[in-house]
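To start, the structure itself, in structure tokens.
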Amino acid sequence: MVRRVYRLGSVVYRHRHAVIAAWTLVLVGALAFIALVGDNLTSRQDLPGSESVRAGEEINRLFDVPDAPPLQIVLRSPRPLVDERPAIEDWLAGVRRRLPDRPLDSPFTPRSGDAGVSADGRVAYVNVRFDSWDEAVAAISRVEAATSAPPARGVQAVVTGDVALAEELEPVLAEDLQRAEMVAVPLSLLVLLVVLGSLVAAVVPLVLALLVIPSVLALVFAASWVTDVSIYATNIVTMIGLGIVIDYSLIVVYRFREELEAGRSVEEAVQRTSATALRAVIFSGVAVAVGLAVLVALPVPFIRSMGIAGVLIPALAIPVAMTFLPAVLGVLGHRVNRFRVVPRRILRADESHLWRRVATTIMRAPALFLVVGAAILLLLAAPVRELTMGSSPVGTLPGDGPAVRGAKALDAAFGGGATAPLRVLVDRTATELGEAVERLP
């Protein structure tokens, strides 16, 4: 393997400009795909084939209930809504005229359970149902326009529901991700400057990240048109991708500079770096890919998409590190040490005798230290046994848009059942069902 990687380094150096041009075309193609085709990412997190999904599908089939969660018109008032009932009923009649294809209940006299008033009388909701998620998304602006006028003096109306929340929170999450990137990139550059000492060497890993991350995102977006991919997969690509690329680049750049300092030519430095540091990159990348591939095997589309994004990162980062990175270093040569910001004498530390003694002691009794280390990890992981799984409370939703405000108002007035009701499918006679309901606490 060493000889093959050594020969690869030699080939990359001889054709370094062509290699850089080829990867630049890949980046351009990835950016063009992202701009022209875009994504088909989803925020749904259900488990196909599970008992809850199968029961929901059966309920939808038997009772002609649309599969998509409804949009919800939420009415709020500081005083009981019944005091303004005539005005609210007239307002609802106007909403029905603007949404003629959607049957809407009155919250005061609900016929199908798609409307209701809270116990204190100050919050009410009306469900607007659609046949599919995409249809509901397309109708959000229409429903908001139909409910834009206030129902009565002091009464507010907002549109919420799972679909509206997903659409409202997506740009909020994207903004948070951009904010995180604006912090992560300068911090990464600062760390790279401290570790590598020169501005040119510190910029090389970021250049690699600018190639890998958009290219992986394009692959993730392409996968979203074939299978379900979560919107959060983009976060995985950006955060893990930045970390992996910087990690691999540090190994390669540091080794390349060591070879130059040893008096070797640029070509030989590239070859020896490929034969040594790139082997570590390959093994590390394969280990990361195998670890994240476990997520792909899980039958939950939400988790599987995270695994797909995670596997694609090292799958692309490895060939980029094996070809593009040595080519860039071959072009830079000794200029990789330009614009030094940390003196060389500070970076050139003597060998640590403490860590040598620690490593020597561990290797004398590896089995013992393995058992002790595993015991410590198990002890630290013990609290996981008490971990309570579940959906995030509505109160933790970020932002203060109308959909979030409506969801919080529903949750406070009706409890979690208003925003996430439990539906029970019972295959029994009406008499048996009545008897069972009477026995409920």
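None of these values were measured; they are calculated from a predicted model. When a residue number appears, it is its place in the shown sequence, counting from 1.
Glu259 pairs by the side chain to side chain donor-acceptor pair (under 3.5 Å) definition with Arg255, Arg264, Arg272, not counting sequence neighbours. Applying the side chain to side chain contact (heavy atoms under 4.5 Å, CB included) rule to Ala403 yields the partners Thr160, Ala164, Leu165, Glu168; only residues at least two apart in sequence or on another chain are considered. For Ser106, the side chain to side chain donor-acceptor pair (under 3.5 Å) partners are Glu89, not counting sequence neighbours. The side chain to side chain contact (heavy atoms under 4.5 Å, CB included) check on Ile20 picks up Thr24, Phe324, Ala327, Val328, Val331, with sequence neighbours excluded. Under the rule for a salt bridge (Lys or Arg N to Asp or Glu O under 4.0 Å), the partners of Asp105 that lie at least two apart in sequence or sit in another chain are Arg111. Considering only residues two or more places apart in sequence or on other chains, Arg102 meets the salt bridge (Lys or Arg N to Asp or Glu O under 4.0 Å) condition with Glu135. Residues passing the side chain to side chain donor-acceptor pair (under 3.5 Å) test with Arg129 are Asp114, sequence neighbours excluded. Arg122 pairs by the salt bridge (Lys or Arg N to Asp or Glu O under 4.0 Å) definition with nothing, not counting sequence neighbours. Listed by chain and number, the residues in a side chain to side chain contact (heavy atoms under 4.5 Å, CB included) with Val200 are Leu332, Arg338, Phe339 (sequence neighbours excluded). Every residue two or more places apart in sequence or in another chain that forms a salt bridge (Lys or Arg N to Asp or Glu O under 4.0 Å) with Asp101 is listed here: Arg142. Residues forming a side chain to side chain contact (heavy atoms under 4.5 Å, CB included) with Ile251 (at least two apart in sequence, or on another chain): Asp247, Ala277.
The main-chain N or O of Gly38 is found under 3.5 Å from a side-chain atom of Trp225 such that the two form a donor-acceptor pair. Without hydrogens or angle criteria, Tyr248 side chain to Gly285 main chain gives a donor-acceptor distance under 3.5 Å. Without hydrogens or angle criteria, Ser198 side chain to Val336 main chain gives a donor-acceptor distance under 3.5 Å. Looking only at distances, no side-chain donor or acceptor of Thr147 sits under 3.5 Å from a matching main-chain atom of Ala157. Checked by atom type and distance alone, the side chain of Ser148 pairs as donor or acceptor with a backbone atom of Ala145 at under 3.5 Å. Side-chain atoms of Ser284 never come within 3.5 Å of backbone atoms of Val281 as a donor-acceptor pair (strictly under, hydrogens ignored).
When all heavy atoms of Phe256 and Ala269 are compared, the pair lying nearest together is CE1-CB, 3.7 Å.
Residues Val220 and Ile308 form no side-chain contact, since every pair of their non-hydrogen atoms from C-beta on lies 4.5 Å or further apart. Between Leu75 and Val123, every side-chain heavy-atom pair lies at or beyond the 4.5 Å cut-off.
For the residue pair Asp134 / Ser132, no side-chain donor-acceptor distance below 3.5 Å is found, with atom types taken as modelled.
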- Using the side-chain contact (heavy atoms from CB on, under 4.5 Å) rule, take Val245 and Ile213 through it: C-alpha gap first, then chi angles, then the decisive distance, then the call. CA-CA 9 Å; Val245 168; Ile213 292 175; 5.5 Å; no

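Interatomic distance, Asp39 CG to Leu217 CG, rounded to the nearest 0.5 Å: 9.5 Å.
The list of side-chain hydrogen bond (donor to acceptor under 3.5 Å, both in side chains) pairs with a residue in residues 294-315, not counting sequence neighbours, is empty.
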